A.B. asks: 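My questions all concern the structure below.
From a predicted model like this one, the values you see are computed outputs, not experimental measurements. The first residue of the sequence shown is numbered 1, and numbering continues consecutively from there.
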Amino acid sequence: MSNNSNELLSTVWRVVKLPLYYMLYQGIFSVLAMIALLVYVVASGAVSVEIIAGGNPEDIVSAIMAAIPESGMAWATSAGLFMAASAMLWHLTYWGYFSFGKQPFRQVSGKVMLLSIMLVFAAMFAFNVLAQELGLPDELAEVMQQVSNNFLGCISIAVLAPILEEVLFRGAIQGYLMRKYNPMVGIIVASIIFGLIHMNPIQIFYATCLGLVFGWIYYRTCSLMPVVIGHVLNNSLAVITMIMGAEEEETLMSLTDKVAVIGGSLLAAVALMYLINRLQPAVPNPWRGIGDKETQE
């Protein structure tokens, strides 16, 4: 097998294995959190001794599941998300897939940071309205609503998940692909994987589109900090919306209004990209993110 073929296989394996690791961590810690919840329910006496002593597995399982409060399920789900994200973030940093650098908040100027965050918000408005107009189903709405009702869930969704996802998809995957191939390849591939891993139709579309914006910002600034902050703000706004119980998209806007919002937001995004290009120093060649390092697991 030629060196080019080996290099391509190595690249594909890196791109595939990291999301698989993340899914594996999610599976392991979700199961552990659920086991801990079941043990707590039994130890608290919520299930009668007679049912447990009866020894009928179906009766025991049914009694335990009936005794689990909705808040308990939400806490178990939140704990699983939190532990999985923490483990994967450790994995990526321990094995040298990404490093933030010594002074992460000084990696870009204040003006570029502000413009980048404004660009994220402009894209959010455009893609959010567009996703709703396409009528894509939100199959995880109820689960996310439950998880957002406890502190651990809010922290996981609003802070920890954005940090991990940017380190994973932009830092470890996109950065690697941009160093090996054309930057556009890295941005597109990482954005598609970022969308698909959400496994929810409306989030697949929204996350893929927003991922393209995150990817461009990371490419242009060579820093993960603007996209981390933008992603945190995006998720925090979603959590606040869920906590307040607001209906996201059942608005009275006409189709003309929606087109105007989408068009105006996209025009604003283009203008912001232009300003970032004017203020940000040229992209280094070969490309390398600040704090980036090439080590293999």
Side-chain angles (χ1 to χ4, degrees), residues 104-105 107-134 136 138 141 144 148 154-171 174 187-188 190-192 194-195 198 200 202-253 256-280:
F105 286 98
Q107 293 172 356
V108 295
S109 69
K111 288 182 179 179
V112 172
M113 182 78 78
L114 178 60
L115 290 171
S116 298
I117 293 171
M118 291 172 64
L119 172 57
V120 171
F121 271 89
M124 281 169 48
F125 279 113
F127 299 141
N128 197 27
V129 174
L130 182 57
Q132 296 299 328
E133 188 60 25
L134 292 173
L136 298 172
D138 187 355
M144 299 306 291
S148 66
C154 290
I155 293 297
S156 299
I157 296 173
V159 180
L160 192 56
I163 295 174
L164 167 63
E165 289 174 355
E166 293 311 312
V167 171
L168 172 57
F169 296 105
R170 248 60 65 185
Q174 177 184 316
I187 293 172
I188 292 175
S191 299
I192 291 173
F194 174 56
H198 285 82
N200 185 21
I202 193 169
Q203 287 181 297
I204 290 174
F205 173 82
Y206 180 73
T208 300
C209 293
L210 199 58
L212 294 171
V213 176
F214 288 149
W216 182 84
I217 294 173
Y218 182 44
Y219 161 73
R220 192 62 191 82
T221 64
C222 301
S223 173
L224 210 62
M225 293 315 300
V227 290
V228 166
I229 294 173
H231 200 155
V232 167
L233 292 174
N234 171 73
N235 284 27
S236 297
L237 184 59
V239 168
I240 292 171
T241 300
M242 288 186 286
I243 291 174
M244 295 177 63
E247 292 293 332
E248 280 193 16
E249 307 314 314
E250 284 303 323
T251 67
L252 297 177
M253 283 196 299
T256 302
D257 293 332
K258 292 176 181 178
V259 170
V261 169
I262 295 171
S265 298
L266 291 178
L267 284 175
V270 171
L272 290 164
M273 292 173 71
Y274 172 78
L275 291 174
I276 291 171
N277 269 327
R278 288 287 303 271
L279 292 173
Q280 181 65 21

A.B. asks: Nearest 0.5 Å, what's the CD1-CG distance between I163 and N235?
C.D. replies: 10.5 Å
A.B. asks: So do the side chains of S148 and T241 get within less than 4.5 Å of each other, counting heavy atoms only?
C.D. replies: no
A.B. asks: Might you confirm whether atom CZ of F205 has over 12 heavy atoms from other residues, nucleotides or ligands at distances under 6.0 Å?
C.D. replies: yes
A.B. asks: Under the rule for side chain to side chain donor-acceptor pair (under 3.5 Å), what residues qualify as partners of Q203, not counting sequence neighbours?
C.D. replies: N200
A.B. asks: What's the separation between atom CD1 in I188 and atom OG1 in T208, rounded to the nearest 0.5 Å?
C.D. replies: 11.5 Å
A.B. asks: Okay, side chain of Q174, backbone of A190: is any donor-acceptor separation there less than 3.5 Å?
C.D. replies: no
A.B. asks: Can you check whether V120 reaches I217 side chain to side chain, under 4.5 Å on heavy atoms?
C.D. replies: yes
A.B. asks: In chain order, what residues pass the side chain to side chain donor-acceptor pair (under 3.5 Å) check against E166, with sequence neighbours excluded?
C.D. replies: R170, H231
A.B. asks: For the residue pair V108 and M225, establish whether any side-chain heavy-atom pair is separated by less than 4.5 Å.
C.D. replies: no
A.B. asks: Write down the atom of L224, the atom of G171, and the distance for their closest heavy-atom approach.
C.D. replies: CD1-N, 4.0 Å
A.B. asks: Among V213, L119, L233, L237, which residue satisfies the side-chain contact (heavy atoms from CB on, under 4.5 Å) criterion with M124?
C.D. replies: L237
A.B. asks: Does some side-chain heavy atom of K111 sit less than 4.5 Å from a side-chain heavy atom of I276?
C.D. replies: no
A.B. asks: Shortest non-hydrogen contact from C154 to I243?
C.D. replies: SG-CD1, 3.9 Å
A.B. asks: To the nearest 0.5 angstrom, please state how far the CG atom of L272 sits from the CD1 atom of I117.
C.D. replies: 11.5 Å
A.B. asks: Should the ring pair F194 and H198 be called parallel, tilted or perpendicular, given that the plane angle runs from 0 to 90° and is split at 30 and 60?
C.D. replies: perpendicular
A.B. asks: Does the pair N234 and Y206 meet the rule for a side chain to side chain donor-acceptor pair (under 3.5 Å), with working shown?
C.D. replies: CA-CA 12 Å; N234 171 73; Y206 180 73; 2.8 Å; yes
A.B. asks: Could you pull out the closest heavy-atom pair between L212 and I187, with the gap in Å?
C.D. replies: O-CG2, 3.9 Å
A.B. asks: Is there a side-chain contact between V228 and P162, using heavy atoms and a 4.5 Å cut-off?
C.D. replies: no
A.B. asks: Count the heavy atoms belonging to other residues, nucleotides or ligands that lie under 6.0 Å from OH of Y219, then report whether that count exceeds 12.
C.D. replies: no
A.B. asks: Looking at CE of M244 and CD1 of I240, how far apart are the two atoms once the value is rounded to the nearest 0.5 Å?
C.D. replies: 8.5 Å
A.B. asks: Nearest 0.5 Å, what's the CD1-OG distance between I157 and S236?
C.D. replies: 10.0 Å
A.B. asks: Looking only at heavy atoms, which two atoms of S116 and P226 are closest? And how far apart?
C.D. replies: CB-CB, 3.7 Å
A.B. asks: Output the distance between atom CG (L279) and atom OG1 (T221), rounded to the nearest 0.5 Å.
C.D. replies: 12.5 Å
A.B. asks: Show me the donor-acceptor pairs within less than 3.5 Å that the side chains of residues 259-266 make with the rest of the protein, sequence neighbours left out.
C.D. replies:
residue : atom : partner : partner atom : Å
S265    : OG   : V261    : O            : 2.8

